[in-house]
Amino acid sequence: MTATEPQVAALAEGRRPLRRALVSVFDKAGLLDLATGLHAAGVEIVSTGSTAGRIADAGVPVTRVEEVTGFPECLDGRVKTLHPRVHAGLLADTRLPTHTQALESLDIAPFDLLVVNLYPFTATVASGASPDDCVEQIDIGGPAMIRAAAKNHESVAVVTDPTRYPWLLEQAQEGGVVLADRRLLAAEAFRHTASYDVAVASWMGNVLTSDAEPGSPFPGWVGTTARRREVLRYGENPHQAAALYGDPEDATGIAGATQLHGKEMSYNNYVDTDAAWRAAHDHDGVCVAIIKHANPCGIAVATGDEPGDDPADDPADDVVAAVHRKAHACDPTSAFGGVIASNTEVSTAMAETVSEIFTEVIVAPSYAEGAVDVLARKKNIRVLTATWAPAAAELRPISGGLLLQQRDAVDAPGDDPAHWTLACGDPASSEQLADLAFAWRACRAVKSNAILLAHGGATIGVGMGQVNRVDAAKLAVARGGDRVAGSVAASDAFFPFPDGFEVLADAGVAAVVQPGGSVRDEQVIEAAQRAGVTMYLTGTRHFAH
Ligand SMILES: NC(=O)c1ncn([C@@H]2O[C@H](COP(=O)(O)O)[C@@H](O)[C@H]2O)c1NC=O
């Protein structure tokens, strides 16, 4: 038989012809178009159980895999393709005469194409299915075939993603798949089985059983996989290349945020937006956080005194706009070029104010009608919607390894003022207690050492990232200016000496909340007593490094 003109052209391009395909897919989307197209391109189709049934029902010729193996599918589908006649056909390197001779002597035809997608293990686990049902959805034969074909990409093209079918049919019509594409497909295939195995191994080691040490939530192994979502213009600095990774199908959190307007997100935008989003979700009720370089330059919450409650209020004003104004008033100088996060819908009134301020990013769960148009008056502001989906644990790379810790949620007993200990002074008034509770939650968003001053449900001075608590207190007081007298303060960790506290007392702070637990607590409390300052101890610490 002599080659046709298109076949000669295809061979000259290095295309490997597709003569025989094995198709075994759980997700049948696009299957009939694929089978019809492959058949039209002259490809012989071998297929499993219900995949073969669908193809045959569509009137496309198909060979059932049992006809190839001479062995029935058995054990409820646990054994279908796990047979030397399948795997020899997928693994024979047809460049090698010894392999082709072996196939001939065993009367096995090679496969040029494998199309497989796997049992939906992750979706089954997510559905809350029983352990037996989850185990049943661990695909064994599919990954075995994918790995075999991917290893043998010199001879076989392997497709695991149904979105590739139209492309595959084009290749079939053009005479086959070139080696460069077979290599790409093989890499995709191994990533696919690797991600699948990470999901199975994580479930087996964390849910079905656990090798964590007694009292510890951490398993003996962690696996994580991520795909490139976006190449960023540059990293933290212009000379650093950077990209965003994650699960492109996961629309949660800041990595999965939707951008409604503005320039592309930068590396620093992502870092700051994540910090802002987290800060805005550390509070119940309406909260707006403004972040710069991962530190707050203003956080505020609704206290019930905002516009909207009183009929005399300006109808064009509202709670979230007022909360944003309070947050912005903390440090307008630093808020220039900041990132704003609101844990509630952004109103047009808030959008009007924000549109007057140079802002890098604004993120919220939603925007009132017209609010995005108002924000979009500024060409560059990035406007995002996102969902709040905090991970239970956080990974941080260090040289030579990774640190893993539980997320620092503000839900410890010490985060509830009802569990605080009044160490000295008069019990705080209800307004002061509300401000102390707010300050305590807000200081979790500040890089240590953190001292945060608050009044009226808003930060008024933040001292962050200092290597001693005295300087953090001085910075907070300097930023608070004439608003400090009568305000309240929170310290993210204990005062090791009275000096840091004394900076606050000298500036007129009326009440302080801190974890306590220093060997010099007594001296610190005595200093508070002398100064007539109310001091509460939480017993909980909120370092953020
Ligand atoms: N056990 C086997 O030999 C086997 N071979 C292929 N599969 C899987 O069976 C599914 C297709 O089965 P069906 O054509 O019956 O719908 C595919 O998701 C494929 O990955 C198998 N099933 C699970 O391991």
Side-chain angles (χ1 to χ4, degrees), residues 20-36 38-39 43-91 108-111 113-127 129 131-152 156-165 168 185-186 188-201 203-204 208:
R20 192 162 182 256
L22 177 49
V23 182
S24 178
V25 292
F26 177 87
D27 177 1
K28 309 287 193 283
L31 172 64
L32 299 187
D33 285 346
L34 175 73
T36 309
L38 288 177
H39 175 63
V43 183
E44 179 199 344
I45 303 173
V46 176
S47 185
T48 52
S50 68
T51 313
R54 293 274 188 100
I55 296 171
D57 289 349
V60 177
V62 59
T63 305
R64 291 185 181 268
V65 77
E66 297 98 316
E67 296 172 47
V68 173
T69 60
F71 198 87
E73 286 193 13
C74 62
L75 309 181
D76 301 320
R78 284 190 175 198
V79 178
K80 308 184 206 183
T81 55
L82 295 164
H83 194 281
R85 288 195 166 275
V86 171
H87 282 271
L90 290 169
L91 279 163
I108 294 173
F111 290 107
L113 173 65
L114 175 73
V115 179
V116 170
N117 61 61
L118 303 176
Y119 289 174
F121 173 77
T122 306
T124 308
V125 170
S127 74
D132 271 353
D133 288 343
C134 293
V135 164
E136 215 40 58
Q137 293 302 318
I138 299 173
D139 201 319
I140 301 298
M145 290 192 290
I146 293 172
R147 288 167 55 78
K151 170 174 175 164
N152 196 28
V156 184
V158 52
V159 170
T160 52
D161 179 355
T163 64
R164 280 232 177 249
Y165 295 170
L168 178 60
L185 292 172
E188 257 177 38
F190 273 117
R191 285 175 190 166
H192 187 60
T193 53
S195 304
Y196 196 83
D197 273 347
V198 165
V200 174
W203 177 77
M204 283 235 168
L208 193 64

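Counting from 1, the numbers follow the sequence of the chain as shown. In listed order, ligands and their atoms are each counted from 1.
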Which atom pairs, one a donor and one an acceptor, fall under 3.5 Å between side chains of residues 49-60 and the rest of the protein, sequence neighbours left out?
| unit_1 | atom_1 | unit_2 | atom_2 | d |
| --- | --- | --- | --- | --- |
| S50 | OG | K28 | NZ | 3.2 |
| T51 | OG1 | V25 | N | 3.3 |
| T51 | OG1 | V25 | O | 3.2 |

**Study point:** Residues in contact with ligand 1, criterion: heavy atom under 4.0 Å
**Key:** S24, V25, F26, K28, T48, G49, S50, T51, G77, R78, V79, K80, T81, L82, V116, N117, L118, Y119, D139, I140, G141, G142, M145
**Study point:** For R20, side-chain contact (heavy atoms from CB on, under 4.5 Å) partners two or more places apart
**Key:** E44, V46, V68, A109, F111, D112
**Study point:** Partner set under side-chain contact (heavy atoms from CB on, under 4.5 Å) for A129, not counting sequence neighbours
**Key:** T124, S127, D133, C134
Review point. Using the ring of each side chain (for Trp, its six-membered ring), is F71 parallel, tilted or perpendicular to H83, with breaks at 30° and 60°?
Key: tilted
Practice item. May I ask you to decide if L118's main-chain N or O and D139's side chain share a donor-acceptor pair within less than 3.5 Å? Key: no
Exercise for review: Could you tell me whether R78 and E136 make a salt bridge, using a distance below 4.0 angstrom between a side-chain N and a carboxylate O?
Suggested key: yes
